[in-house]
Amino acid sequence: MASYEFFKKEFEFKGKHARMVSELWQANDYEHTYFRRLIDIYMIAPIIGFRVGKNVPEDNAPFDPKSIFPEQMIKAKEDLDYIMQMILILDNKDGMSNEECVKLAFRGAETEEQYQKYQRLFNGYVRGGVEELYDRLIVRKSEPDDEFHDNKTANLYELLSRFTN
């Protein structure tokens with residue numbers, strides 16, 4: 001068992017990413033929001049960030065942070081661990097064999113340095129995914145040739161089309 005466990009403490013979206021998630025998610029406003037919970041963004045964003053190859057550093061612009069509380073992180077830990085493992089297996093920039101990548105992913109972090117490295121990698125993809133979601137769902141405006149004319153529906157359809165084709 002690894003000495004360091006991920007997803008057991010609060011996570012904060014900071015800077016421009018806090019502003020972006022504020023537009024993607026608003027508590028108890030199901031008509032205007034794209035996500036039911038903030039943790040849902042945190043769970044889907046690293047997959048999208050990885051898929052589009054966007055790993056973004058933390059931004060420290062002066063916006064109020066948006067926090068995901070430890071209780072929510074712990075409840076989603078099993079799914080988040082799985083996503084982390086898949087990213088560690090697939091993001092093989094060190095030229096390791098497939099077997100070594102799998103061992104690394106399931107062994108987890110064994111030192112503080114590894115823990116920080118994996119956390120930066122994962123959260124970089126989270127931020128990249130947030131930027132992609134923001135660009136596709138908030139910034140993009142429906143076009144006359146879109147199948148749907150309602151902005152929200154057209155943007156969701158466009159985002160889904162991007163990953164299913």
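One is the number of the first residue; the rest follow in order along the sequence.
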If you define the side chain from C-beta out and look only at heavy atoms, does anything of [X] sit under 4.5 Å from [Y]?
X: H17; Y: V56; value: yes
X: M73; Y: K9; value: no
X: K117; Y: Q114; value: no
X: I83; Y: F122; value: yes
X: R51; Y: E132; value: no
X: F69; Y: I39; value: no
X: D40; Y: I44; value: no

Got a second to check how far R136's CZ is from E158's CD, nearest 0.5 Å?
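The CD atom of E158 is 6.0 Å from CZ of R136, to the nearest 0.5 Å.
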
Quick one: pull up NZ in K54 and CD in E131 and give me the separation to the nearest 0.5 Å.
5.0 Å

Hydrophobic cluster membership, [X] vs [Y], 4.5 Å side-chain cutoff:
X: V126; Y: I138; value: yes
X: L38; Y: I74; value: no
X: L137; Y: M43; value: yes
X: Y125; Y: V52; value: yes

Side chain [X], main chain [Y], donor-acceptor under 3.5 Å:
X: N55; Y: L121; result: yes
X: W25; Y: Y34; result: no
X: D59; Y: K16; result: yes
X: S67; Y: F13; result: no

Counting heavy atoms not belonging to E112, are there more than 12 under 6.0 Å from its CD?
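Count over threshold, so yes.
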
Step through the shown structure and confirm whether more than 12 heavy atoms of other residues, nucleotides or ligands are within 6.0 Å of CG on D135.
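Check passes, neighbour count above 12.
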
Listing, residues 97-105 side-chain donor-acceptor contacts under 3.5 Å, not counting sequence neighbours, or none:
from : atom 1 : to   : atom 2 : distance (Å)
S97  : OG     : E100 : N      : 3.1
S97  : OG     : E100 : OE1    : 3.4
E99  : OE2    : K103 : NZ     : 3.3
E100 : OE1    : S97  : N      : 2.8

Geometric class of the F6/Y115 ring pair [parallel <30°, tilted 30-60°, perpendicular >60°]:
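Ring orientation of Y115 relative to F6: parallel.
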
Return the orientation label for the Y42 and F11 ring planes: parallel under 30°, perpendicular over 60°, tilted otherwise.
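Plane angle between 30° and 60°, so tilted.
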
For P70 versus K8, what's the shortest heavy-atom pair and its separation?
CB-O, 4.1 Å

Using the rule side-chain contact (heavy atoms from CB on, under 4.5 Å), only one of L80, L88, I87 pairs with M84; which is it?
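Single pass found, and it is L88.
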
